Amino acid sequence: AQSVAQPEDQVNVAEGNPLTVKCTYSVSGNPYLFWYVQYPNRGLQFLLKYITGDNLVKGSYGFEAEFNKSQTSFHLKKPSALVSDSALYFCAVRDRSGSGYALNFGKGTSLLVTP
Amino acid sequence: GAVVSQHPSRVICKSGTSVKIECRSLDFQATTMFWYRQFPKQSLMLMATSNEGSKATYEQGVEKDKFLINHASLTLSTLTVTSAHPEDSSFYICSARGTGLHYEQYFGPGTRLTVT
C-alpha cells in the first residue's frame with residue numbers, strides 16, 4: 001500500500017524563521033506526492049506536488065518541497081514563515097492500488113507561527 | 001482554476017433522520033469524485049470513490065447502506081447519511097477529479113455534520 005507518515009504533531013516557528021514540516025513515504029514504484037494545507041473548518045488547499053523531474057518542487061504561497069529518494073522523504077519548507085501560515089498541513093500520496101487513485105493522507109502536522 | 005463546492009456547509013440534524021450533502025464541480029466535468037471523513041484533529045479517511053454513472057466503491061469498514069453515494073452527473077455527487085446517529089457527527093469533505101488539465105483532485109470546502 002502507498003502511505004505517508006508525518007512524524008510531528010505540531011511544529012512551532014517564530015515569524016521570519018525558516019520552517020520545515022516533515023513527511024516520509026512508503027510506496028512501491030515511483031511516488032506521486034502532494035502537500036495540502038487546511039485552515040480551521042475549511043477544505044484542503046493544494047500547495048504542491050511531485051510527480052517526476054526536478055527534486056525541488058515550488059508551490060503556492062512561497063512553499064517548496066524537496067523529494068529525496070534515498071531518504072524516502074518529501075519535506076515541506078518555506079524560507080521565512082508568516083503568522084498566516086499557521087494551519088494544518090497534510091502530506092499525501094496517490095494510491096495507485098485502487099481503481100480511483102485516491103489520496104492517502106498523513107495524520108497532519110499543525111504549524112504554529114508566532115509573532 | 002478548478003472549483004468544487006459543497007452544500008450545506010453546516011448541518012444539524014436529529015438522531016434517526018437522514019441528511020444529504022451535495023458536491024459539485026463548478027467549472028469542469030468530474031469523472032471521479034471522492035468522499036472523505038475527518039474527525040477533529042485527525043487526518044482525512046477515504047470513505048468511497050464514485051465514477052459517474054456507476055456504483056460507488058466503498059472502503060473497508062464503511063457501511064454502504066448507511067452512506068449512500070450517488071454520482072448521477074459529471075458535475076454532481078451526493079452523500080446521504082441515513083438514519084444518522086451522534087457518532088456520525090464529523091467533517092465530510094468531497095473531492096473531484098476530471099480529465100486532462102483537471103486530472104488532479106480538487107477539494108470542496110467541507111460539510112460539518114452534527115447529529116443531536
Side-chain angles (χ1 to χ4, degrees), chain A residues 1-11 21-26 31-52 57 59-61 86-112, chain B residues 1-10 21 23-24 30-52 54-60 62 69 71 77 90-99 102-114:
Chain A
Q2 321 280 330
S3 65
V4 290
Q6 295 178 244
E8 304 155 316
D9 290 335
Q10 180 158 327
V11 171
V21 182
K22 296 180 179 177
C23 173
T24 58
Y25 65 88
S26 174
Y32 286 15
L33 297 163
F34 302 79
W35 275 102
Y36 287 86
V37 60
Q38 184 181 34
Y39 294 96
N41 293 310
R42 303 286 297 277
L44 273 66
Q45 295 180 34
F46 171 80
L47 285 177
L48 50 82
K49 67 180 178 183
Y50 172 82
I51 302 297
T52 186
V57 180
S60 306
Y61 313 118
S86 298
L88 192 56
Y89 290 80
F90 290 99
C91 180
V93 61
R94 181 177 291 171
D95 185 356
R96 290 177 286 173
S97 62
S99 62
Y101 291 0
L103 294 175
N104 290 338
F105 288 87
K107 65 177 181 178
T109 298
S110 179
L111 173 66
L112 179 62
Chain B
V3 179
V4 176
S5 70
Q6 275 185 248
H7 178 78
S9 58
R10 291 176 178 268
I21 302 169
C23 177
R24 293 181 185 272
T31 52
T32 305
M33 286 186 169
F34 305 87
W35 287 95
Y36 295 84
R37 183 174 181 177
Q38 184 182 29
F39 290 104
K41 299 186 185 300
Q42 294 190 27
S43 189
L44 281 74
M45 300 300 296
L46 179 66
M47 299 174 66
T49 302
S50 72
N51 293 299
E52 185 266 339
S54 61
K55 290 184 178 180
T57 301
Y58 290 81
E59 295 299 299
Q60 192 173 7
V62 178
I69 291 173
H71 192 168
S77 175
S90 189
F91 195 53
Y92 293 87
I93 302 176
C94 75
S95 70
R97 188 181 70 209
T99 58
H102 299 295
Y103 187 72
E104 297 304 334
Q105 283 190 47
Y106 298 92
F107 286 81
T111 297
R112 172 72 63 192
L113 170 63
T114 303

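From a predicted model like this one, the values you see are computed outputs, not experimental measurements. Note on naming: letters A, B, ... go to the chains in the order of the sequence lines (proteins, then strands), and numbering restarts at 1 for each one.
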Legend entry - Which atoms of A:Tyr32 approach chain B - backbone, side chain, both or neither, heavy atom under 4.5 Å: neither
Legend entry - Check against ring-ring contact (aromatic ring centres under 6.0 Å, His included), A:Tyr36 and B:Phe107: CA-CA 10 Å; A:Tyr36 287 86; B:Phe107 286 81; 5.1 Å; yes
Legend entry - A:Tyr61 atom OH, neighbour heavy-atom count above 12 within 6.0 Å: no
Legend entry - Side-chain heavy atoms of A:Phe90 within contact of B:Gln38, under 4.5 Å: yes
Legend entry - Proximal component of A:Leu88, with respect to chain B [non-hydrogen, under 4.5 Å]: side chain
Legend entry - Part of B:Gln6 within contact of chain A (heavy atom distance under 4.5 Å): neither
Inset, instruction - First locate atom CG of B:Leu46, then atom CG of A:Leu103, and finally report the distance between them rounded to the nearest 0.5 Å. - result: 9.0 Å
Inset, instruction - Verify the ring-centre separation between A:Phe105 and B:Tyr36: is it less than 6.0 angstrom? - result: yes
Inset, instruction - Could you tell me which non-hydrogen atom of A:Lys107 sits nearest to which non-hydrogen atom of B:Ser43, and how far apart they are? - result: CA-CB, 3.6 Å
Inset, instruction - Could you look at A:Gln38 and say if it's the side chain, the backbone, both or neither that has a heavy atom under 4.5 Å from chain B? - result: side chain
Inset, instruction - Nearest 0.5 Å please: distance from the CZ atom of A:Arg94 over to the CZ atom of B:Arg97. - result: 6.5 Å
Legend entry - Contact class of B:Leu44 relative to chain A, heavy atoms under 4.5 angstrom: both
